[in-house]
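I have placed the structure first, in the form of structure tokens, so that the comments after it can refer back to it.
In what follows, every heavy atom counts, from backbone to side chain, and hydrogens, waters and symmetry copies are set aside. Below, chains carry the letters A, B, ... as their sequence lines are ordered, and counting in each starts from 1.
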Amino acid sequence: MWVVHRVTGVAIFFFLVVHVIDTSLVRVSPEAYNEVIGSYKTPLYGLVEAGLVAAILLHAFNGLRVIAVDRWTWALRHQRMLVWIVWALFAVGMAGFLPRHLMHVFGGAA
Amino acid sequence: MIEHEYDVVIVGAGGAGMRAALESSQRARTAVLTKLYPTRSHTGAAQGGMAAALANVEDDNAEWHVFDTIKGGDYLVDQDAAEILCREAVDAVLDLEKMGLPFNRTEEGKIDQRRFGGHTRDHGQAPVRRACYSADRTGHMILQTLYQQCIRQQVEFYNEYYVLDLLLTEDPQAAAPGEEVAVAGVVSYELATGEIHVFRAKSVVFATGGAGKIFKTTSNAHTLTGDGMGIALRAGLPLEDMEFFQFHPTGLAGLGILLSEAARGEGGILRNSEGERFMERYAPTIKDLAPRDMVARAMANEVREGRGAGPHKDYVLLDLTHLEPAHIDAKLPDITEFARTYLGVEPYTEPVPVYPTAHYAMGGIPTTVQGEVLRNNTDKVTGLYAAGECACVSVHGANRLGTNSLLDINVFGRRAGIAAAEHALATAEAAPLPANGEARLVEIVERLRATASGGGTESVAGLRKELQETMDRNVQVFRTAESLAEATAVVADVKARYANVAIHDRGQKYNTDLLEALELGFLIDLAEVTVAGALAREESRGGHYREDFPTRDDDKFMKHTMAYATGEGVRLDYKPVTITTYQPMERKY
Amino acid sequence: MTAVDTAPAQVGGVPSMTVTLRIRRLNPEGVGDHAAGEDYWEEFQVEAHATDRVLDALHKIKWEQDGSLAFRRSCAHGVCGSDAMRINAKNRLACKTLLKDLNPAKPILIEPIAGLPVEKDLIVDMEPFFASYREIMPFLMPSGPAPERERLQSPEERERFDDTTKCILCAACTTACPVFWTDGQYFGPQAIVGAHRFIFDSRDEGQWDRLEILNDKAGVWKCRTAFNCTEACPRGIEVTKAISEVKKVLNTGEI
Amino acid sequence: MTAPELSQPMPRTRKRMNATYRWWWVFQRVSGVILVVLIFTHLFVNLMMGDGVSQIDFAFVAGKWAAWYWQVIDFVMLLLAMLHGTNGMSYLINDYARSRRSRAILQAILGIAAVVIIVLGSLVIWTFEPCPVDATGAFLPGVPSGCPFN
Ligand SMILES: Cc1cc2nc3c(=O)[nH]c(=O)nc-3n(C[C@H](O)[C@H](O)[C@H](O)COP(=O)(O)OP(=O)(O)OC[C@H]3O[C@@H](n4cnc5c(N)ncnc54)[C@H](O)[C@@H]3O)c2cc1C
Ligand code: HEM
Ligand code: SF4
Ligand code: F3S
Ligand code: FES
């Protein structure tokens, strides 16, 4: 779990850097921004984006677990169960997000 | 060969060694040599408690403790030593508390105390709460606390240095009575490198612990091979009362792992296959809390008479099922876990299979009450001290009471440390090292190492197994002339074949194979003196029970055995027992 | 012979089986085709009982097949801390791990504990580990003159640090900690356990010296709550809980 | 015989402690909790509501940042995420960089990158111009249709 948290944290970090740079293009010109954003709207990038959301969900839920474990003895004693809950929440979150997202990516591009 | 020089060298970092080191290192330049990291020493395995008449929970005093110790030892105790032991007990416990030892506490916040076998109020009236304890890990706490204080005092440790020889100025057996024999140093083997180190010192303290590995079923660690006693014996010094070996009643059946007497102190009951509380027949007053030798014999007797439990009817049962699980968890957490881990038995609901296990050497290197080592009945070896299980003061006589050993290591460890340091301070120069002092060890090591490349036909493990099995079979709770004769023959055979032993590891570094071979050498020598002493002692006393001589014979044997190794085998001599207050009486509980 | 035969009792008839051990070896001086300091796997097969410990199997190898196999051990029942090793990728004591609790159908993998320099086979250099322990000043530092009798302590006060007094310094926790593996700057969980034992002892007055050390670079803030330590501890100490209690004290300033 | 000085009291004072490592540890947790809320809203609004990812273009962004509270929210998110992420990365560098030198270099790079990104990001958010014009005063191509024509 510790490794997952690390890897997702790093992934998000690098994404965030890129994300801030591309968003900053709105300052350059709307056209440039739309162009770059447009290039994100390919199915391949859609998958990457899905992975990113997955990473954020995992990192966030697990982060909350870590915080809980540090804060409450109860959580500390039941940390194994909490790991399962993290995965469950992650699954629920992805189940809510993925179908809709993939629909937008593959179906609704028009 | 590398040479070192110190004022005081302490050999062993168990309870006795570190207690001595704490005293010595604040007075003189001290090195502690130990074959194990200090915290691995077997003092850490001690469970039940440490005796002292603190009277924290009920009326008690040192006098009663002295009496119990002497009576428990079947009157073979040197009474002056027992008085010191019990009088200094209170301070020994309080010192440990001040060093930080986390004892269990009473509601008022004082050190809590519990019952233990053979400890009674008012000369045998009823069991008394005298054992100061920390759950069932008292020894662990003592070892940790002493180690912690050693860290604080920056005691100099040489970890994984095996001391294998002792350097004296004269051959103690050749020296005339009264002539001075002094210590010059020790020779040691560094495990990591295979290098030989000679430590020159004004004072040397031996605190190398027990020798339980001469038996197969034992509560003792693999490393308790009696090195210190063996070294002393080879150097020409006597060993005292080696035939008195304690068998602890409650070892996990088949394994020997100890379940502390505290289990019975807290209310556990021994039962035979018929569910009978058989100790009522053997010791009507204090029943399951009788001294260990009596309980162990009673158990062996039950098994022998067909009332053993289990598929082979070869053990009895320790019943804790009537105790509250919460009480068990609070007072006996570790030993109940041993039963779960190693036998798969749940002590809350099932009785635990137990059988006597070789536990404690009452005998050892003879010393005075200052820890000074004797080379015969009266002469001391200048600068040489011993304390702890490897020594024989003798406070345990023919049978040690539970919790008196942790006390012994603290009281006499401290005394030996102080005496060694003060001797060193009063001595201008260490005795000169004999020329080529390390030669004897180098020769043995080289010869053994050479066998890794060929030559030698006997295996260390094979010989050790034969030795241990014969000791278990013939020199255990019950002994006879016949069984001892058989043991004598087997030990002699093993000893002869040991000359032809071979090892596999030809390396210099971490050659544990080589060390096991060296340790076996000590085991053989110790088994030999144990058996010789037992064969000659034609009486039954304490831990030594001769079926062919089932009673105590004070006329002939109210004396300590002094065994010497000579070119022609073991020579036995005897030494009088010091009696001050208590005349020998029949031992009834 | 009239003496009773006291051959070791057998608790239930346990059938024997053949188990395979794959041991990670290293010889500092080189042996056979293996260069000095090269590490390699070697497989051994031994006859054993299900109720035997891994330590028994290692002894069988050492005593019957290859005497050069090097490992530390002493007490053989989990109280001296000598024989922590990686068994099937988990840190455990060889003397407290029964063969029946491992899958005997597959080879049992045995490696030295990780993160400390390997000296020979399963023997590692413990010095860095003990150095961390010494670093946190693991000894009682009371204040005021010593009383004549014992310092009083209620059973409740005694209970607060009971768990961490059980530590046998086996290093299973520290060498299971992923943060300890990464950079070697971290004191590791054992040192925190060692400090916890005194920080929560009502008789001690040196807490803040220890807390200061643990508050620093190599201290508690490096812990990523990986829980490997708690899972590895053969004494069942709740190591992560102890660490978290130390963090709480540092955060709130109250003990 | 002298009594052992085993339990002599040690003089000591409670010192002021270095708070750096503790502070970052706490920050990591506090920012984590806040970030959960912010990021989940962000993701929900951007990817789940309306047309999801395909709706995102200049106009979308402009529409959002026209409201000051979105500006504040996104700024806080940027700041916390960057600090949190940067500190997290700094942990990693500490753990994995072998030599002192490589550690120092990597930390420096990380620090510079973090500052650049934060400055860049905040400039973009705060100086955002929903209807940018070129040097001649004409609207740039692609401005949202809502921009006033004057
Ligand atoms: C399971 C068990 C439970 C016990 N429970 C109790 C109890 O409840 N109460 C009680 O009073 N007693 C108890 N005892 C007895 C008591 O624990 C021991 O007698 C006592 O701890 C011995 O201490 P020691 O310091 O003499 O030796 P140890 O603690 O055994 O230390 C020996 C030291 O010598 C070193 N050493 C050995 N050989 C060499 C060598 N050749 N070179 C260098 N160093 C060497 C070792 O490294 C070690 O450091 C128990 C014993 C056992 C086995
Ligand atoms: C969504 C809400 C988030 C929560 C709840 C959260 C929580 C946490 C927590 C509690 C930690 C500390 C872990 C520890 O000390 O053991 C942490 C570490 C980390 N976080 Fe986050 N985080 C979140 C978002 C982010 C984002 C957006 C990034 C990237 C910019 C990020 C990158 C990191 C990194 C790199 C680490 C260090 C990992 C490590 O040292 O193992 N996190 N996170
Ligand atoms: S805390 Fe547990 S695992 Fe760690 S050293 Fe102590 S006993 Fe071993
Ligand atoms: S494994 Fe290491 S990261 Fe923390 S919880 Fe244990 S010390
Ligand atoms: S040998 Fe002592 S802990 Fe395993």
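In this structure, chain B has heavy atoms under 4.5 Å from both the backbone and the side chain of L169(C). Proximity to chain B is absent for every atom of D101(C), based on heavy atoms less than 4.5 angstrom apart. Neither the backbone nor the side chain of V93(B) comes within less than 4.5 Å of any heavy atom in chain C. Only the side chain of R158(C) has a heavy atom closer than 4.5 Å to any heavy atom of chain B. If you measure heavy-atom distances from I257(B) to chain C, the contacts under 4.5 Å come from the side chain alone. Contact of E337(B) with chain C is made through the side chain alone, with heavy-atom distances under 4.5 Å. Proximity to chain C (any heavy atom under 4.5 Å) is restricted, for R464(B), to the side chain, taken from C-beta onward. In this structure, chain C has a heavy atom under 4.5 Å from the side chain of Y37(B), while its backbone stays farther away. Residue E469(B) does not touch chain C at all, counting heavy-atom pairs closer than 4.5 Å. Proximity to chain C (any heavy atom under 4.5 Å) is shown, for Y510(B), by both the backbone and the side chain. For N104(B), the parts lying near chain C are the backbone and the side chain together; criterion is any non-hydrogen pair under 4.5 Å. For N301(B), no part lies near chain C; criterion is any non-hydrogen pair under 4.5 Å. Using a 4.5 Å cut-off between heavy atoms, I168(C) touches chain B through backbone and side chain atoms alike. For T357(B), no part lies under 4.5 angstrom from a heavy atom of chain C. For R40(B), the parts sitting under 4.5 Å from any heavy atom of chain C are the backbone and the side chain alike.
Your options are H42(B), K110(B), H140(B), and the one with the most heavy-atom pairs under 4.5 Å with chain C is H140(B). Of the listed residues (T145(B), D548(B), D334(B), L258(B)), the one with the most heavy-atom contacts under 4.5 Å to chain C is D334(B). Comparing S154(C), C75(C), P155(C) by how many heavy-atom pairs each has under 4.5 Å with chain B, the most go to P155(C). Per-residue counts of heavy-atom pairs under 4.5 Å with chain C were compared for H504(B), M141(B), E108(B), H222(B); the largest is that of H222(B). Looking only at heavy-atom pairs under 4.5 Å with chain C, the residue among G44(B), A461(B), P102(B) that has the most is P102(B). With chain B as partner, the option from E64(C), K100(C), R134(C) having the largest number of non-hydrogen pairs under 4.5 angstrom is R134(C). Between chain B and the residues M126(C), Q153(C), R53(C), the most heavy-atom pairs under 4.5 angstrom are made by Q153(C). Listed options K120(C), M137(C), E156(C), E150(C) were ranked by heavy-atom pairs under 4.5 angstrom with chain B; first place goes to E150(C). Options R506(B), K313(B), E160(B) differ in how many heavy-atom pairs under 4.5 Å they form with chain C, and the most are formed by E160(B).
Taking the six-membered ring where the residue is Trp, Y133(C) and Y147(B) present parallel rings, their angle staying beneath 30° rather than reaching 60°. The aromatic rings of F215(B) and F247(B) sit perpendicular, their planes meeting at an angle over 60°, well past the 30° parallel limit. Using cut-offs of 30° and 60° on the angle between ring planes, the pair Y545(B) and F478(B) is perpendicular.
With respect to K90(C) and E231(C), no salt bridge is recorded, no charged nitrogen being found less than 4.0 Å from a carboxylate O. Between R151(C) and E157(C), no side-chain nitrogen of the basic residue sits less than 4.0 Å from a carboxylate oxygen of the acidic one, so the salt-bridge criterion is not met. At a threshold of 4.0 Å, the pair D66(C)-R25(C) counts as salt-bridged, since one of the basic side-chain nitrogens sits closer than that to a carboxylate oxygen. Looking at R210(C) and D204(C), a side-chain N of the basic residue comes within less than 4.0 Å of a carboxylate O on the acidic one, giving a salt bridge.
Under a cut-off of 6.0 angstrom, the local environment of CD in E43(C) is crowded, with over 12 non-hydrogen atoms contributed by other residues, nucleotides or ligands.
Considering all non-hydrogen atoms of both residues, R197(C) and T165(C) come closest at CG-CG2, 3.6 Å.
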